[in-house]
There are 2 protein chains.
Amino acid sequence: MEFAKYSVTVDIVIFSLHQTALNVLLIRRAAAPHKGKWAIPGGFVNSNESLATAARRELKEETDVGEVYLEQLYTFGEPKRDPRGRVITVAYFALVTRALAPRAGTDAAEAAWYSVNALPELAFDHAEILKYALQRLRYKLEYTAVGFELLPNEFTLTELQTAYEIVLGETLDKRNFRRRLLEAGILVETSKFRPGSDEGRGRPAQLYRYKKNAVTEVKARRLFP
Amino acid sequence: MEFAKYSVTVDIVIFSLHQTALNVLLIRRAAAPHKGKWAIPGGFVNSNESLATAARRELKEETDVGEVYLEQLYTFGEPKRDPRGRVITVAYFALVTRALAPRAGTDAAEAAWYSVNALPELAFDHAEILKYALQRLRYKLEYTAVGFELLPNEFTLTELQTAYEIVLGETLDKRNFRRRLLEAGILVETSKFRPGSDEGRGRPAQLYRYKKNAVTEVKARRLFP
DNA sequence: ACAAAAGTGTTCGATATACACCCATGT
DNA sequence: ACATGGGTGTATATCGAACACTTTTGT
């Protein structure tokens, strides 16, 4: 074909919860351009793999996770966004379940979790990508049940509520929260209990799991109006 | 850079209303591959233009429209989706205001509007793209006020309601519809009236315009729950 | 006068919100 | 016994759904 060809990358905004903040995984660039600056992890798409496969591969390179929630976000393709030449990036966002030790990939000097409330200056147009991802995450959380993806397999209702509160940045009413999630029919109660989290004080909380495919089931039904 | 490069195209799902059906603009391919098959219009991205600019340019090549609603939809990049080699396409969807005579572009033998209820067999993975676009349009219509983009500048409330009914595929209550849209504060009434549409019979209807930026204003407030 | 389409309010049920106390456990 | 966090119900306000008649015009 006689038409111009461009490099294509996938960049992945990886969200996770640590303590009381929503975090994103960033890498410090080991090479030019923007050497030394923090950036969203990503990489070039191989010629035999689909975009989603490339995203999943990059995700594995950065952090040891099994199944994760992964969704295509938006494609950024301004002509000058990369000084090396035209690079079109398909951005994804991922939700991972806990603070796994991040690995520095091949072209990264370092990898670290950053709270979304205290981000460093970012390379390329990554600030824009991240802003967009955050907006989408908040939006999705209100309308669907992706919140679980940020928690381990089994969790207490308080942990789940806290996760929602951290991401949405507002407090929620405990009774209303529990009623809504239980009535939505996306939770399965287990018979296990976990002792109070603060030094074992307090009444043990029941552990729940979520139904697989719950995310799609709840679609279009607003969870927190 | 030492990495593989790929062709990048933009494909645009152009929606419009004709009479009683939601239509899409399709072109018949003049060249291989899939010569003679119907396809979504699109083309290669030039090296100096952004993705959105490329989409807008292609849109103008296919149909003479001024301002239109244009939104990035999704990026499709399966390795084998185009037999010529790896082609990644950034799909957009557009809403245009009336049935402008479509023009056959450079690589099209023919262009025509097709009802989304009676589509021909489509080239490449375009059936998938179109299905996705339709789903997104319906979703957007419920949550935001994009419906106007399918109508001329001035319209009657009945016309607007009909547009919603056609796209959503269900009938709506007249009084509830009017109340909701008027209360949403996105309509401006004009002092003009249009004589009854069927041979001038019936009471003339008041014409409305919509506020610019209305689409973003209504975001996140569900219009038809 | 009649046919055709525009326009207009109210009632009822469902759902969201606001709110405070008792329960189980560890020390 | 007390400190800590888990768990539960009800009353009120708001919003959506259902529903039928009057008005204006052309013929």
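Because only heavy atoms are used, hydrogens play no part in the values below, and waters and symmetry mates are left out as well, while side chains stay in. Here is how names work: the chains are called A, B, and so on, in the same order as the sequence lines, proteins then strands, and each is numbered from 1.
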Review point. With a cut-off of 6.0 Å (strictly less than), are more than 12 heavy atoms of other residues, nucleotides or ligands near CZ of B:R178?
Key: yes

Review point. Rounded to the nearest Å, what distance is computed from the CG atom of residue A:L181 to the C1' atom of nucleotide C:dT15?
Key: 16 Å

Study note, to complete from the structure: Rounded to whole Å, CZ of A:F193 lies from P of D:dG5 at a distance of 18 Å

Check your understanding: How is B:T158 classified with respect to the nucleic acid when contacts are heavy atoms under 4.0 Å: base, sugar-phosphate, or nothing?
Key -> sugar-phosphate

Review point. What is the distance from CZ of A:R194 to P of C:dG26, rounded to the nearest Å?
Key: 15 Å

Point to revise | Whole angstrom value for the distance that separates C1' of D:dT22 from CZ of B:R178 | key: 14 Å

Review point. Considering residues, nucleotides and ligands other than B:R209, do more than 12 of their heavy atoms fall under 6.0 Å from its CZ?
Key: no

Practice item. Among A:Q206, A:R194, A:K192, find the residue that satisfies the side-chain hydrogen bond (donor to acceptor under 3.5 Å, both in side chains) test when tested with A:E154. Key: A:K192

Check your understanding: With distance as the sole criterion, do the side chain of A:R201 and the base of C:dA24 form a donor-acceptor contact below 3.5 Å?
Key -> no

Review point. Which nucleotide in the list C:dA24, C:dA6, D:dC19 gets nearest to the side chain of B:R175?
Key: D:dC19

Check your understanding: Rounded to the nearest Å, what distance is computed from the CD atom of residue A:Q206 to the C1' atom of nucleotide D:dG5?
Key -> 15 Å

Point to revise | Atom-pair distance (CG on A:L207; C1' on D:dG6), nearest Å | key: 12 Å

Review point. When you measure from the side chain of A:R180, which nucleotide among D:dG16, D:dT8, C:dT17 comes out closest?
Key: C:dT17

Review point. Donor-acceptor pair under 3.5 Å: do we get one between B:R203's side chain and the base of D:dT23?
Key: yes

Check your understanding: Going by modelled atom types, is there a donor-acceptor pair between the base of D:dT10 and the side chain of A:R179 at under 3.5 Å?
Key -> yes

**Study point:** Residues A:Y143, B:Y143; criterion ring pair (Phe, Tyr, Trp, His ring centres under 6.0 Å); working and verdict
**Key:** CA-CA 11 Å; A:Y143 284 83; B:Y143 284 83; 5.3 Å; yes

Check your understanding: Rounded to the Å, how far apart are B:F177 CZ and D:dG16 C1'?
Key -> 16 Å

Exercise for review: In sequence, state the C-alpha distance, the side-chain angles, and the governing distance for A:Y208 and A:Y210, and then conclude on ring pair (Phe, Tyr, Trp, His ring centres under 6.0 Å).
Suggested key: CA-CA 7 Å; A:Y208 287 79; A:Y210 64 98; over 10 Å; no

Check your understanding: Please give, in whole Å, the distance from D:dG7 P to A:Q161 CD?
Key -> 11 Å

